[in-house]
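These notes concern the structure reproduced below.
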Protein chains: 2
Amino acid sequence: MNQSAETNEKLTAKRGRPSISAEKRETTRARITSVARTLFQQDGYANVSVRRIAKEIGCAPMTLYSYYDAKIDILRSLWGDVFAGLLEELKPVSNVSDHEAIYKMGLVYVDYWLRHPEEYRLVFMAKGVTQSQVNVFLDNPEILSGYEIITEAISAIAPNDDAETLKTKLDFFLSALHGIAHNHITMSGYPWCSPEEQIKYAVMAISSENEAEGS
Amino acid sequence: MNQSAETNEKLTAKRGRPSISAEKRETTRARITSVARTLFQQDGYANVSVRRIAKEIGCAPMTLYSYYDAKIDILRSLWGDVFAGLLEELKPVSNVSDHEAIYKMGLVYVDYWLRHPEEYRLVFMAKGVTQSQVNVFLDNPEILSGYEIITEAISAIAPNDDAETLKTKLDFFLSALHGIAHNHITMSGYPWCSPEEQIKYAVMAISSENEAEGS
DNA sequence: TTATTTTAATATACGCGTATATTTTATCAA
DNA sequence: TTGATAAAATATACGCGTATATTAAAATAA
């Protein structure tokens, strides 16, 4: 049997340089995005070249293309990480569905960006990115799932709303949350009312219609 | 006096190659945008290189930089031409201020894009343009003036609206008009209701609030 | 007519992202 | 141990937009 196992090994053994392991591949990808993130946040996406990233890592520029399809994909991966972190913080407050939960989601959402202003800039303020490059990123179901959590919570308190109305409420809610986050991040010197207070209005706005409809 | 004139000429005469005349300069700029427009509409902005435009014109690539600061400025100039044409058609229907005038402006606005679908694609669907490149274009007062005409007409039928409300109505009205134009241009195979009919709803939407407020 | 000057036009070069070609490395077969 | 093989990594090349250097053209001064 041992000899059979050996024979099996020999039958399946492949000549040539073996592929790197999935683990090694992910380690390298993480190294690339880590270095790129630092440089992008420091100098801006457009001002950081592939050659510069490679030099910082200590490999050839074309090596990066073994791990990412294009320069923009390194940025998209960073965006994915940022949204994964956001989703991770949204989930724990999404298991309840009432106004309070929506308020808490709003809090978590805004607080996330306030605690990660550099990530906010990386995602929403990157220079040198075209609209179609962003769209490819947004086509990823994982990215949209975070917004679906909020939609589900809004749906729970307005069960009679059709899909279009829910989409409008979600879009408004997110617009308001982004406005709050954006103002605090980009014009931090201005004495804004606290996010806690402002988010209450956002929740009220998407709740009052429900109440009006219910009347 | 003749001698004085000669002396004046001599005093103001300048050695060296004279600058090209303003007329010649504009002629060349028009030639550049004309050739570029054809190529951009045929192959898309991103797929048309500066070298290719120059070759079509019969000059060196760097010659183009004597007439435009950058490749994107050739496109911006084309956008400006398109909006100038639109403005030219909007003005005649803007001298009256009532619902009918707003409706007619809507008709003119949508009809303009339907008659110039290639221009529509050039302005709103150019690939390879970043958001900041578009923003520089929009900062031009001449571009915004076309929208101000519509704002003024809306203001005339809702004199009590504050600036923010007017801006919201304008934005909605333009969103609706663009939606109508966009659908007809990009999904022309679908049997859309006529723009004439759809625009009525857009006008109603920004009028009904006024009536509600007036009640 | 030639020299000088100034501008227009062109030539060359650069760094960019990435396509393609080549070399290096890590394995197995003989 | 050497040869063969296949993947990883690197080297080279390409066209891009545009910065910089150089040449050509058109004028005036001498």
Side-chain angles (χ1 to χ4, degrees), chain A residues 6-29 31-32 36 39-40 43-76 126-130 132-133 136, chain B residues 6-29 31-32 36 39-40 43-55 57-76 126-130 132-133:
Chain A
E6 274 185 54
T7 301
N8 278 341
E9 276 184 40
K10 283 169 179 169
L11 280 175
T12 59
K14 203 174 166 202
R15 294 167 87 179
R17 183 171 177 168
S19 300
I20 59 169
S21 66
E23 185 182 5
K24 176 69 165 73
R25 180 178 170 73
E26 283 313 309
T27 297
T28 303
R29 279 173 59 94
R31 175 101 174 98
I32 293 169
L39 294 175
F40 289 163
D43 297 330
Y45 173 74
N47 295 329
V48 174
S49 65
V50 171
R51 285 169 176 75
R52 173 113 170 273
I53 298 171
K55 190 172 184 181
E56 290 285 329
I57 290 170
C59 69
M62 291 321 301
T63 301
L64 303 183
Y65 290 90
S66 300
Y67 297 91
Y68 288 95
D69 292 337
K71 182 189 178 189
I72 188 64
D73 288 309
I74 300 175
L75 183 62
R76 286 196 188 114
K127 290 293 178 59
V129 180
T130 67
S132 59
Q133 288 173 324
V136 170
Chain B
E6 273 185 54
T7 302
N8 279 341
E9 277 184 39
K10 281 171 181 170
L11 279 175
T12 60
K14 203 173 166 206
R15 296 166 84 178
R17 183 172 176 170
S19 298
I20 60 169
S21 66
E23 184 181 7
K24 176 66 165 76
R25 181 179 169 73
E26 283 313 310
T27 299
T28 304
R29 280 172 59 93
R31 175 101 174 98
I32 292 168
L39 295 175
F40 289 161
D43 297 330
Y45 172 74
N47 296 327
V48 175
S49 64
V50 171
R51 285 167 176 76
R52 172 114 171 274
I53 298 171
K55 189 172 182 180
I57 290 170
C59 68
M62 292 319 302
T63 300
L64 303 183
Y65 290 89
S66 301
Y67 297 90
Y68 288 96
D69 290 337
K71 183 189 176 189
I72 186 65
D73 288 307
I74 300 175
L75 184 60
R76 285 196 188 113
K127 289 294 176 59
V129 179
T130 67
S132 59
Q133 286 173 326

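Small disclaimer: the values here were computed from a predicted structure and weren't measured. Chain identifiers are assigned alphabetically (A, B, ...) following the order of the sequence lines, protein sequences preceding nucleic acid strands; residue numbering begins at 1 within each chain. No hydrogens, no waters, no symmetry mates; every other heavy atom, side chains included, goes into these values.
Within 4.0 Å of A:Thr63, counting heavy atoms only, lies at least one base atom of the nucleic acid. At a threshold of 4.0 angstrom between heavy atoms, the contacts of B:Tyr67 are confined to the sugar-phosphate backbone, with no base atom among them.
The nearest whole Å value for the distance from the CD1 atom in B:Ile53 to the C1' atom in D:dC16 is 12 Å. If you measure from atom NZ of B:Lys55 to atom P of D:dG15, you get 11 Å, rounded to the nearest angstrom. Rounded to whole Å, the distance from CD1 on A:Ile32 to P on C:dG17 is 14 Å. The CG atom of B:Leu75 sits 15 Å away from the C1' atom of D:dG17 (whole-angstrom rounding). For the pair A:Lys24 NZ and D:dA8 P, the interatomic distance rounds to 10 Å; values are reported in whole Å. The separation between B:Ile20 atom CD1 and D:dA24 atom P is 20 Å, rounded to whole Å. Distance CG (B:Asp69) to C1' (D:dA19): 14 Å, rounded to an integer number of Å. Nucleotide C:dC16 holds its P atom 11 Å from the OH atom of A:Tyr65, rounded to whole Å.
Set against D:dA7, C:dT18, D:dT18, the side chain of B:Val50 has D:dT18 as its closest nucleotide. Distance from the side chain of A:Ser19 is smallest to D:dA8 among D:dA8, C:dG17, C:dA26.
Taking A:Arg52 as the reference, A:Asp43 meet the salt bridge (charged side-chain N to carboxylate O under 4.0 Å, His left out) condition, with sequence neighbours excluded.
Of the side-chain N and O atoms in B:Lys14, none sit less than 4.0 angstrom from OP1 or OP2 of D:dA29. OP1 and OP2 of C:dG15 both lie 4.0 Å or more from every side-chain N or O belonging to A:Ser49.
Residue-to-nucleotide proximity on DNA chain D shows that, of B:Met62 and B:Arg15, the 5′-proximal contact is made by B:Met62. Each of A:Leu64 and A:Gly16 has a nearest nucleotide on DNA chain D; the 5'-most of these lies closest to A:Gly16. Nucleotides of DNA chain C nearest to A:Arg17 and A:Arg52 differ in position, and the one nearer the 5' end is that of A:Arg52.
A donor-acceptor contact under 3.5 Å links the side chain of B:Arg51 to the base of D:dG17.
Residues A:Ile53 and A:Glu56 have side chains not in contact (no heavy-atom distance under 4.5 Å, counting atoms from C-beta outward).
With A:Lys127 contributing its side chain and A:Asn47 its backbone, the two residues share no donor-acceptor pair below 3.5 Å.
Here the shortest heavy-atom pairing between A:Tyr45 and A:Gly128 reads CE2-O, 3.9 Å.
One distance of note links CG of B:Leu39 with CD1 of B:Ile57; it measures 8.5 Å at 0.5 Å rounding.
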